[in-house]
Trainee: 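This is the structure I want to talk about, given as C-alpha cells.
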Amino acid sequence: MKRLLKRFFTLILLSVSLCANAQQDLLVSQYMFNHLLLNPAYAGSHEYMMATLLYRKQWVDLKGAPETQVASLHGPLGLSQFGWGALISHDKIGVTDRTDAYLNAAYHLKTGPKMRLSLGIRAGGGYYSYKNSDLTYWDEGDPAFAGNRVSKFLPNVGAGLYLYSRKFYAGLSVPTIISYDPAKSLSFDVGGGDVAPHQVRHYFATAGIALELHPDVVMKPSVLVKYVDNAPMEADFNINFLLANTVWVGGSYRTGDSFVGIVELQLSKKLRIGYSYDFTFTDIKDYSSGSHEIMLGYDFGYDIMKIKKQRYF
C-alpha cells in the first residue's frame with residue numbers, strides 16, 4: 001500500500017511539473033544569506049563581490065522530486081552607486097528541466113547617514129524542456145504527448161526595491177514580471193496549440209533586523225512573504241543566531257509546509273559553508289526523509305580585514 005501511495009505522489013508531482021501555476025520561482029531555504037536569489041536590488045549592496053554556489057535536493061526518496069543548482073555573483077561597480085550581478089539556476093522536476101540565466105543591475109541611494117535604498121532590475125529568461133518518452137501515460141492518442149521533446153525559451157524581466165543598513169533590511173520584489181499565462185494581463189501565450197510551460201508572476205516581501213544581544217551573540221529574526229495568483233499566500237518566519245562571529249545557527253517555519261534547520265560556518269574571513277534541512281509536516285513526510293540544501297560562499301575583491309563593522313545581511 002505504501003509503495004502504491006508513493007507512486008501516486010510521484011505521478012502527481014510529474015503532472016504538476018508540466019503546467020504548474022503555483023510556486024515556480026526559486027524555492028531555497030538559505031535565501032537570507034543571499035537576497036539576490038529573490039531581489040535584483042540586492043546586487044552590489046556590499047562593498048565587495050560575493051560569489052555563491054547552492055545545491056538543493058528536495059523530498060529525498062520521492063522519485064522525480066525537485067533538484068536545484070544555483071550560481072550567483074554580484075558586487076559594486078567601481079566606486080559608483082551602481083551594483084551588478086549575475087544569476088544562473090537549474091531546476092529538474094520530474095521529466096521537466098528548466099535553466100534560467102539573468103543579469104542584474106541596481107542603483108543605491110543614500111537615504112540617511114546609515115540607510116540606503118536600492119532600485120534593481122534584471123533581464124534574462126528561462127529555457128524549459130521535457131521528454132514525453134520519460135513519462136508513463138495511458139492515452140497514447142492525447143495530443144499533449146505528441147512528439148518526444150518539447151522545449152521553449154521564455155524571456156523575462158524582474159524588478160525590486162531594497163532598503164538596508166548594517167542591521168536592518170526590507171525589500172519588495174517581482175523576480176519575473178512577464179506572465180506566460182493567457183488568462184492574465186501582461187501575459188503571452190507561447191503554446192501555439194502545443195503544450196507549453198506557464199510562468200506566472202510571483203511577489204516577495206522581506207524584512208529582517210540584527211540585534212546584538214552580547215559581544216559574541218547576534219540574533220537575526222526575519223520574515224519572507226510570498227504571493228502568487230491561484231495559490232495560498234505563504235510566509236517564512238526565520239530566526240538565526242551568530243555565535244562568536246563564526247557560526248550561524250537557526251531555523252525557519254514555512255507556513256503550511258515545513259520546519260527548517262540551518263547552520264552556516266565561517267571557515268575563514270572570506271569562505272563560508274551552509275547547510276539546511278527541511279522537515280515537511282505535509283502528507284509527503286510519509287514518503288520522503290526531508291530536503292537537503294548546501295551552500296558555499298566566497299567574498300573577494302577587497303581586504304576583509306579592513307572592514308571594521310560587519311554586515312549581517
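Scope of the values below: all heavy atoms of this structure, side chains included, with no hydrogens, waters or symmetry mates. Note that the numbering runs from 1 along the sequence shown for the chain. As the structure is a computational prediction, the values presented were derived from the model and not from experiment.
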Trainee: List for me each residue that meets side-chain hydrogen bond (donor to acceptor under 3.5 Å, both in side chains) alongside R272, sequence neighbours excluded, and say none if there are none.
Mentor: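 Expected list: D299.
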
Trainee: With sequence neighbours excluded, what pairs up with K220 under the side-chain hydrogen bond (donor to acceptor under 3.5 Å, both in side chains) test?
Mentor: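 K220: no side-chain hydrogen bond (donor to acceptor under 3.5 Å, both in side chains) contacts found.
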
Trainee: Please tell me if the side chains of S173 and F204 come closer than 4.5 Å, counting only heavy atoms from C-beta onward.
Mentor: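 They are in side-chain contact.
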
Trainee: Among all residues two or more places apart in sequence or in another chain, which pass the ring-ring contact (aromatic ring centres under 6.0 Å, His included) test with F82?
Mentor: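 Applying ring-ring contact (aromatic ring centres under 6.0 Å, His included) to F82 gives Y107.
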
Trainee: Answer yes or no: is there an ion pair linking K57 with D278, defined by an N-O contact shorter than 4.0 Å?
Mentor: no

Trainee: Could you list the residues that satisfy side-chain hydrogen bond (donor to acceptor under 3.5 Å, both in side chains) with Y298, not counting sequence neighbours?
Mentor: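 Scan of Y298 (side-chain hydrogen bond (donor to acceptor under 3.5 Å, both in side chains), adjacent residues dropped) gives none.
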
Trainee: When you measure from the side chain of S276 to the backbone N and O of G261, does any donor-acceptor pair fall under 3.5 Å?
Mentor: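 No: the side chain of S276 does not pair with the backbone of G261.
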
Trainee: What pairs with N104 under side chain to side chain contact (heavy atoms under 4.5 Å, CB included), at least two apart in sequence or on another chain?
Mentor: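 Checked N104 against side chain to side chain contact (heavy atoms under 4.5 Å, CB included); matches are L36, P40, A43, L87, Y102, R122.
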
Trainee: Ignoring hydrogens and angles, tell me if any N or O in the side chain of S118 forms a donor-acceptor pair with the backbone of A41 under 3.5 Å.
Mentor: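 It does hold such a pair.
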
Trainee: Between H46 (side chain only) and Y48 (backbone N and O only), is there a donor and an acceptor less than 3.5 Å apart?
Mentor: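 Between the backbone of Y48 and the side chain of H46 there is no qualifying donor-acceptor contact (under 3.5 Å).
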
Trainee: Going by side chain to side chain contact (heavy atoms under 4.5 Å, CB included), name the residues that satisfy it together with Y253, two or more places apart in sequence or in a different chain.
Mentor: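 Partners of Y253 by the side chain to side chain contact (heavy atoms under 4.5 Å, CB included) criterion, ordered by chain and then number, come out as F237, T255, F259, F281.
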
Trainee: Are H292 and Y55 an aromatic pair, judged by ring center distance below 6.0 Å?
Mentor: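 When the ring centroids of Y55 and H292 are compared, they turn out to be at least 6.0 Å apart.
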
Trainee: Closer than 3.5 angstrom, by distance alone: can the side chain of Q266 be matched with the main-chain N or O of S268 as a donor-acceptor pair?
Mentor: yes

Trainee: My understanding is that only residues two or more places apart in sequence, or in another chain, count here; which of them pass side chain to side chain contact (heavy atoms under 4.5 Å, CB included) with M115?
Mentor: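 Partners of M115 by the side chain to side chain contact (heavy atoms under 4.5 Å, CB included) criterion, ordered by chain and then number, come out as T111, L163, S165, F168.
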
Trainee: Does some side-chain heavy atom of W84 sit less than 4.5 Å from a side-chain heavy atom of L73?
Mentor: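 Contact flag for L73/W84 side chains = yes.
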
Trainee: Measure from the side-chain N and O atoms of E293 to the backbone N and O of Q30, and report whether any donor-acceptor pair falls under 3.5 Å.
Mentor: yes

Trainee: Measure from the ring center of F313 to the ring center of Y169 and say whether it is less than 6.0 Å.
Mentor: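 Centroid distance F313-Y169: below 6.0 Å, so yes.
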
Trainee: What pairs with S252 under side-chain hydrogen bond (donor to acceptor under 3.5 Å, both in side chains), at least two apart in sequence or on another chain?
Mentor: N238

Trainee: Listing request: all salt bridge (Lys or Arg N to Asp or Glu O under 4.0 Å) pairs with a residue in residues 70-86, at least two apart in sequence or in separate chains.
Mentor: none

Trainee: If we ignore hydrogens and angles and just use 3.5 Å, is the side chain of H202 paired with the main-chain N or O of V200 as donor and acceptor?
Mentor: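 Indeed, once roles are kept as given, a pair shorter than 3.5 Å links the two residues.
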
Trainee: Examine distances only and state if a side-chain atom of N156 and a backbone atom of I177 form a donor-acceptor pair shorter than 3.5 Å.
Mentor: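 Side chain of N156 to backbone of I177, a donor-acceptor pair under 3.5 Å: yes, one is there.
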
Trainee: Distance only, no hydrogens: is a donor on one side chain within 3.5 Å (strictly under) of an acceptor on the other, for Y31 and D236?
Mentor: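 The criterion, which ignores hydrogens and geometry beyond distance, is satisfied for D236 and Y31.
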
Trainee: Report yes or no: do N34 and S72 form a side-chain donor-acceptor pair below 3.5 Å?
Mentor: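 Distance-only check passes for N34 and S72.
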
Trainee: Just by distance, do the side chain of Q58 and the backbone of A65 share a donor-acceptor pair under 3.5 Å?
Mentor: no

Trainee: Check this for me, if you would: do R98 and D91 make a salt bridge, where the nitrogen-to-carboxylate-oxygen distance has to be below 4.0 angstrom?
Mentor: no

Trainee: Can you list everything that forms a side chain to side chain contact (heavy atoms under 4.5 Å, CB included) with A123? Sequence neighbours excluded, please.
Mentor: V157

Trainee: Between E234 and K226, is there a side-chain N and carboxylate O pair less than 4.0 Å apart?
Mentor: yes

Trainee: Under the rule for ring-ring contact (aromatic ring centres under 6.0 Å, His included), what residues qualify as partners of Y312, not counting sequence neighbours?
Mentor: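 Y312 satisfies ring-ring contact (aromatic ring centres under 6.0 Å, His included) with no other residue.
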
Trainee: Among all residues two or more places apart in sequence or in another chain, which pass the ring-ring contact (aromatic ring centres under 6.0 Å, His included) test with H74?
Mentor: Y42

